[in-house]
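Everything on this sheet refers to the single structure shown next.
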There are 2 protein chains.
Amino acid sequence: MKYDLTKKRSRSAQRTLDAFSEAMLTLIGQKNFEKININELCDLSNFPRATFYNYFDDKFDLLDYCWYLLIAEAHLDELSNKPQYTLLEACNYAFDHVYDLFKHREVLLKAIVANNSPTGSLITSFITSVRFTTRQLFYQYFDTQKNNLPTKLVADHVSNTILLLIEWIFLKNHDVSKAEAHNYIEKFLGNLC
Amino acid sequence: MKYDLTKKRSRSAQRTLDAFSEAMLTLIGQKNFEKININELCDLSNFPRATFYNYFDDKFDLLDYCWYLLIAEAHLDELSNKPQYTLLEACNYAFDHVYDLFKHREVLLKAIVANNSPTGSLITSFITSVRFTTRQLFYQYFDTQKNNLPTKLVADHVSNTILLLIEWIFLKNHDVSKAEAHNYIEKFLGNLC
DNA sequence: TCTAAATTTAGACAAACGTCAAAATCTAGA
DNA sequence: TCTAGATTTTGACGTTTGTCTAAATTTAGA
């Protein structure tokens with residue numbers, strides 16, 4: 001990403017980021033990501049091409065920024081306020097937040113899934129993005145815990161398990177309640193808790 | 001992929017497929033996948049652009065074909081000759097075959113990893129490709145087994161666990177022997193066996 | 001409010017993409 | 001070996017990409 005998200009944003013920079021991400025989210029809800037081009041995003045957001053390239057490397061980069069915004073809505077970082085949780089509780093907590101995000105954003109996400117192949121680059125990049133965020137979260141969270149297994153390996157395994165269920169429920173369309181999902185998670189992670 | 005891999009290939013078609021996949025494998029061992037363009041592949045393989053587009057949609061498509069060839073070298077399908085295996089044995093068996101593939105193709109794969117970011121699209125697509133193959137394998141394999149969990153969900157979980165260790169060992173460069181890996185797998189899957 | 005610095009915009013550019021129709025060449029079966 | 005059908009190649013085409021420069025505009029501090 002060309003634009004530095006860590007520095008404080010001017011009002012116009014924020015406007016530009018908002019406009020492009022909103023345009024992208026609108027378009028991927030309407031058509032296949034592969035078919036979207038930069039001019040289309042510029043037309044919809046009413047910004048010139050050069051401005052797009054001031055902020056983003058390419059459309060994949062903008063897509064990543066969209067995922068970043070969307071995942072932020074899950075407030076996964078609140079897990080750091082629950083240091084007393086067991087591994088299983090932390091896992092259920094993270095799962096619930098992602099599950100709620102999917103329910104809350106159901107209209108948008110269903111439209112995206114309807115327009116984009118489950119094995120295409122859009123869905124892959126979304127899953128990869130959530131997986132990455134969850135892994136980072138658990139790297140921090142398990143930091144102080146003791147285990148005879150490598151901490152990061154366990155964190156990755158736990159993240160994979162959460163993502164597996166998210167895929168199963170929302171991408172492969174299986175009707176699973178939160179409680180049932182918790183049951184699955186416990187069976188999958190049982191030995192580690 | 002434009003070319004139908006299921007139909008029998010003419011000699012020239014096989015030559016073309018070989019040349020392009022070899023050119024791609026050579027190039028990704030030398031430079032970053034993002035920087036490779038179609039003309040470069042055509043120069044190296046001595047085929048015209050239009051021939052490339054006769055066979056492949058784009059460079060990602062050719063890359064997928066390369067992964068298909070590489071993964072075939074692991075002979076994962078031989079698992080179907082071992083119907084008596086437990087879930088854990090089957091998992092170790094599949095892991096071993098992928099592990100051996102990485103050892104056997106170490107020079108090529110290390111060069112690829114050295115030239116391509118672990119979070120970039122090349123590595124992601126490779127991992128996704130192996131994951132997909134492993135999942136398909138276990139969908140077949142567990143087909144007749146009984147479990148109070150959905151068969152495909154278990155197959156996906158098992159595949160994820162194998163891939164987790166492959167990533168851990170070969171992409172994140174942790175020195176883990178086969179025996180140690182089997183130990184990890186048992187701890188991660190313990191409850192399901 | 002004014003001004004200097006930073007950012008955005010317009011427009012043009014070369015390079016790469018992906019498609020096409022017609023010509024050349026290959027292939028498999030008689 | 002010959003030939004009809006299928007495939008590959010050629011070369012050209014319009015589109016999209018990503019970069020660049022100079023002009024216009026916006027920003028933030030005095």
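In this text the structure is predicted, and so the values were computed from the model without any measurement. Sequence lines set the chain letters: A, B, ... in the order given, protein chains first and strands last, and positions in each chain run from 1. All heavy atoms count here, side chains included; hydrogens, waters and symmetry mates do not.
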### Query
Are the side chain of B/D57 and the backbone of B/M1 linked by a donor-acceptor contact shorter than 3.5 Å?
yes

### Query
Starting at CD of B/E40 and ending at P of C/dA15, how long is that distance when rounded to a whole Å?
14 Å

### Task
Could you pull out all residues at least two apart from B/T119 that satisfy side-chain contact (heavy atoms from CB on, under 4.5 Å)?
B/S117

### Message
Is the distance from the ring center of B/F126 to that of B/F102 below 6.0 Å?
### Response
yes

### Task
Any pair with a residue in residues 8-44 of chain B that passes ring-ring contact (aromatic ring centres under 6.0 Å, His included), sequence neighbours left out, goes on the list, sorted by first then second residue, please.
B/F20-B/F47, B/F20-B/F52, B/F33-B/F60

### Query
Could you give the CG-to-C1' distance, from A/N54 to C/dA10, as a whole number of Å?
12 Å

Enumerate donor-acceptor pairs with a distance under 3.5 Å from any side-chain N or O in residues 163-174 of chain A to protein atoms, sequence neighbours excluded.
{"residue": "A/K172", "atom": "NZ", "partner": "B/D156", "partner atom": "OD2", "Å": "2.9"}
{"residue": "A/H174", "atom": "ND1", "partner": "A/W168", "partner atom": "O", "Å": "3.0"}
{"residue": "A/H174", "atom": "ND1", "partner": "A/K172", "partner atom": "O", "Å": "3.4"}

### Query
Does B/S125 have any side-chain contact (heavy atoms from CB on, under 4.5 Å) partners at least two apart in sequence or in another chain, and if so, which?
B/L63, B/D64, B/W67

### Message
One thing to verify: whether B/E40 and B/K31 come together as a salt bridge, which I'm taking to mean a side-chain N less than 4.0 angstrom from a carboxylate O.
### Response
yes

### Task
Pick base, sugar-phosphate or nothing for A/F56, based on heavy-atom distances below 4.0 Å to the nucleic acid.
nothing

### Message
Measure CZ/B/F47 against P/C/dT25 and give the value in whole Å, please.
### Response
15 Å

### Message
Can you build the contact string for nucleotides 14-30 of chain D? Use B for base contact, S for sugar-phosphate-only contact, and - for no protein heavy atom under 4.0 Å.
### Response
--SBBB-------S---

### Message
Taking CD in B/E180 as the centre, count heavy atoms belonging to other residues, nucleotides or ligands within less than 6.0 Å. Is the count above 12?
### Response
yes

### Task
Residues of residues 18-32 of chain B with any non-hydrogen atom less than 4.0 angstrom from an atom of DNA chain D: list those, numerically ordered, please.
none

